[in-house]
Participant: 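Quick one: the structure is below, questions incoming.
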Amino acid sequence: RIRLDAPASLKARHQVRQMKEKISHKDGRQIFEWRYQHKTPMKNERRNYSVWDEEAEPGYAYSTFESYEAIAKAYGERALPKAAVTEQVSKLADEIVGDVTEPREQARLLYEWVATNISYAGNCIGVGAVVPHDIPFILDNRMGDCKDHATLLQALLASRGIKSTQALVNSGSRYTLPKVPQVSAVNHVINYLPDFDLFVDSTDQTMPFGMVAFVVADKPVLLVEGYQPGMKTPVAPVGSNQQTMKTVVHIQPDGSAKGEIEVKLKGMFAVATRAQLRHITREQEEEMIKNVFRSEGHFGKGEFKKDDPKELRDTYSYKVSFEKKGFIQRPGAGAFYVSPLFPSNVSVYHFVNSALSPMEKVDIACSNGLSIEEYTYIFPKDMRVLAKPADMSVEGEYLSYKATYKVEDNTLKIRRVVDDKAPGNICSPELMQSQREVGLKVVQNLKSQVVYQ
């Protein structure tokens, strides 16, 4: 039971969902009474809450805001005065950009400085938390919440004559705005640069300039200045997230193997891998390779070479050279699976496995991506391939898979490509069913083995 007693003259909007409502008036007051009862609750089979639709759930909303534009305005009245350009801000901006004169490059340098020099901490938007700290306080402590980040960056940009505004967005599982305007629908603050039509979020110290994390992509956004109804943050374009893994394996007469794995990544795949490798030491890399071999029941050694992961770029690559004892059984006949010899975030199997997840009856969060795996196995001259997996090509509405297996003399060449072209960050049950149908066909191909003598 909920009882709300408010002045009858108070301008407010409210909504009730799957609840009984009673409204009465007394002595200039308006009294709302809402009741909900669920006598026979059933176990919820839902597992994925990555997309949450408030309108579909029992509940109520009451707000004195007449619109989402009013929420943005109310935030701006308190926050924007903090983004004033001061002598301290101008001096810092000059130090950061140096001799660079091109506006977009200046914006990138300022963004990267805030992202990598101001630690992210504290609450963003909530009750009593809508006023950023003063910029001197932020700079002295080298720390701030999302409001502080957005305020500092806006001031630095303004000092160089670059237009920007703060923008309110949801960083959780809300992909729509409730009908009744409410502050809880937006819990994060980022920046929008209209001259470049770019959103940036300096609280994410791993994100390249011009990209935003998945959790704030494809979301309604409230510009604090220049409000535009219906505006959303962008979705990563189809084809922007890619991984290409090339593996060359020289199998020795005794069944051991030497080889090299080269991985090149683009888009969010590159960002995620950079973040994982940013703080790994050389000793940890060596131990990581040993643990990979040990988990597969192999003894061996290897070397890990990587690009500098600290740069905020949307590309990344690394190489692994290795030696493994007892890679296959020799002499005699045997078989082996074709799969990555070193873990990666977005292998072909990763895409197929995600498509085989239990079906949900609701929308879920999803993303596009392309994964290519190429394998070259070079066998000893006295070794012969007796059987190999069959070539395969299957295509669904948004997910496709193609695999080829070719034997040339004593060399086996394999190429597998899975391409997920999901158009946005929300996948419907129907779309996921289509992905699943493709995945069920592909998984059998991935289970196939190479048989040799």
Participant: Salt-bridged, R330 to D382, with N to O below 4.0 Å?
Facilitator: yes
Participant: Here's one to test your reading of the geometry: is the NZ or CZ of R46 within 45 degrees of the ring axis of Y49 and under 6.0 Å from its centre?
Facilitator: yes
Participant: Atom CD1 in I190, atom OG in S202: separation rounded to 0.5 Å?
Facilitator: 10.0 Å
Participant: Would you tabulate the side-chain donor-acceptor contacts of residues 257-269 under 3.5 Å, counting partners in other chains and residues two or more places apart, or write 'none'?
Facilitator:
none

Participant: Is there a salt bridge (Lys or Arg N to Asp or Glu O under 4.0 Å) between D195 and R104 once you walk through the steps?
Facilitator: CA-CA 9 Å; D195 289 346; R104 185 185 174 105; over 6 Å; no
Participant: What are the two closest non-hydrogen atoms of N241 and S367, and how far apart are they?
Facilitator: ND2-OG, 3.8 Å
Participant: Can you see whether D307 engages S317 through a side-chain donor-acceptor pair at a distance of less than 3.5 angstrom?
Facilitator: yes
Participant: How about E54 and W52: do any of their side-chain heavy atoms sit closer than 4.5 Å?
Facilitator: yes
Participant: Is there a donor-acceptor contact under 3.5 Å from the side chain of S173 to the main chain of V51?
Facilitator: no
Participant: Please check if any side-chain donor atom of R416 sits under 3.5 Å from a side-chain acceptor atom of Y405, or the reverse.
Facilitator: yes
Participant: Going by atom types alone, do T233 and D218 pair a side-chain donor with an acceptor below 3.5 Å?
Facilitator: no
Participant: Using a cut-off of 6.0 Å, state whether more than 12 heavy atoms not belonging to N44 lie near its atom CG.
Facilitator: yes
Participant: What orientation do Y377 and F336 show, parallel under 30°, tilted 30 to 60°, or perpendicular over 60°?
Facilitator: tilted
Participant: When you measure from the side chain of E360 to the backbone N and O of R47, does any donor-acceptor pair fall under 3.5 Å?
Facilitator: yes
Participant: Taking side-chain contact (heavy atoms from CB on, under 4.5 Å) as the criterion, tell me which of K310, R278, R274 meets it with T206.
Facilitator: R278
Participant: Within the 3.5 Å criterion, strictly below it, is a donor on T411 or D409 matched to an acceptor on the partner's side chain?
Facilitator: no
Participant: Less than 4.5 Å apart, side chain to side chain, heavy atoms only: is that true for T315 and Q242?
Facilitator: no
Participant: Quick one: pull up CZ in R436 and OG in S434 and give me the separation to the nearest 0.5 Å.
Facilitator: 12.5 Å
Participant: I'd like to know if E112 and R313 make a salt bridge, using a cut-off of under 4.0 Å between side-chain N and carboxylate O.
Facilitator: yes
Participant: How long is the straight-line distance from CD of E95 back to CG of L109, given to the nearest 0.5 Å?
Facilitator: 13.5 Å
Participant: So do R174 and T176 actually touch side chain to side chain, heavy atoms under 4.5 Å?
Facilitator: no
Participant: Donor-acceptor pair, distance only, cut-off 3.5 Å: does the side chain of R142 make one with the backbone of I138?
Facilitator: no
Participant: Hey, does S371 have a side-chain heavy atom less than 4.5 Å from the side chain of Y349?
Facilitator: no
Participant: Keeping T273 on the side-chain end and A270 on the backbone end, is there a donor-acceptor pair under 3.5 Å?
Facilitator: no
Participant: Between N187 and S171 (side chain of the first, backbone of the second, donor and acceptor by atom type, cut-off under 3.5 Å), is there such a pair?
Facilitator: yes
Participant: Identify the two heavy atoms, one from R160 and one from V100, that lie closest to each other, and give their separation to 0.1 Å.
Facilitator: NH2-O, 4.5 Å
Participant: How many angstroms lie between atom OG of S240 and atom CG of L370, to the nearest 0.5 angstrom?
Facilitator: 10.5 Å
Participant: Looking at every heavy atom in both Q243 and S344, which two are closest together, and how far apart are they?
Facilitator: NE2-OG, 3.1 Å
Participant: Hydrogens and angles aside, do D419 and Y398 bring a side-chain donor and acceptor to less than 3.5 Å of each other?
Facilitator: no
Participant: Establish, yes or no, whether the cationic atom of K219 lies under 6.0 Å from the six-membered ring centre of Y175 and within 45° of the ring axis.
Facilitator: yes
Participant: Could you note down all residue pairs passing salt bridge (charged side-chain N to carboxylate O under 4.0 Å, His left out) where residues 239-249 supplies at least one of them, sequence neighbours left out?
Facilitator: none
Participant: Atom NZ in K305, atom NZ in K319: separation rounded to 0.5 Å?
Facilitator: 7.5 Å
Participant: Going by atom types only, do Y75 and Q166 share a side-chain donor-acceptor pair under 3.5 Å?
Facilitator: yes
Participant: Side chains of Y401 and V417: does their closest heavy-atom pair fall under 4.5 Å?
Facilitator: no
Participant: If we only count heavy atoms from C-beta on, is the E225 to L80 side-chain gap below 4.5 Å?
Facilitator: yes
Participant: Taking the six-membered ring where the residue is Trp, are the ring centres of Y318 and F304 under 6.0 Å apart?
Facilitator: yes
Participant: How close do T404 and D391 get, heavy atom to heavy atom, and via which atoms?
Facilitator: CA-OD1, 3.3 Å
Participant: Donor-acceptor pairs under 3.5 Å, side chain of residues 81-88 to any protein atom, not counting sequence neighbours: which ones?
Facilitator:
unit_1	atom_1	unit_2	atom_2	d
K82	NZ	D134	OD1	2.6
T86	OG1	V89	N	3.2

Participant: Nearest heavy-atom pair of A155 and I135: which atoms, and what distance?
Facilitator: CB-CD1, 3.6 Å
Participant: Using a distance-only test with no angle check, is there a side-chain donor-acceptor pair under 3.5 angstrom linking Q433 and E397?
Facilitator: no
Participant: Kindly indicate whether the side chain of D201, heavy atoms from C-beta on, has any atom under 4.5 Å from the side chain of H188.
Facilitator: yes
Participant: Roughly how far apart are R282 CZ and E287 CD, rounded to 0.5 Å?
Facilitator: 14.0 Å
Participant: Considering only NZ, NE, NH1 and NH2 on the basic side and carboxylate oxygens on the acidic side, decide whether E285 and K306 come within less than 4.0 Å.
Facilitator: yes
Participant: Decide whether Y375 and E373 meet the rule of one side-chain donor and one side-chain acceptor closer than 3.5 Å.
Facilitator: yes
Participant: Distance-only, no hydrogens or angles: does the D148 side chain make a donor-acceptor pair with backbone N or O of D145 under 3.5 Å?
Facilitator: yes
Participant: Could you tell me which non-hydrogen atom of P234 sits nearest to which non-hydrogen atom of F199, and how far apart they are?
Facilitator: CD-CD1, 3.6 Å
Participant: Are the side chains of F327 and L341 in touch, meaning some heavy atoms are under 4.5 Å apart?
Facilitator: yes
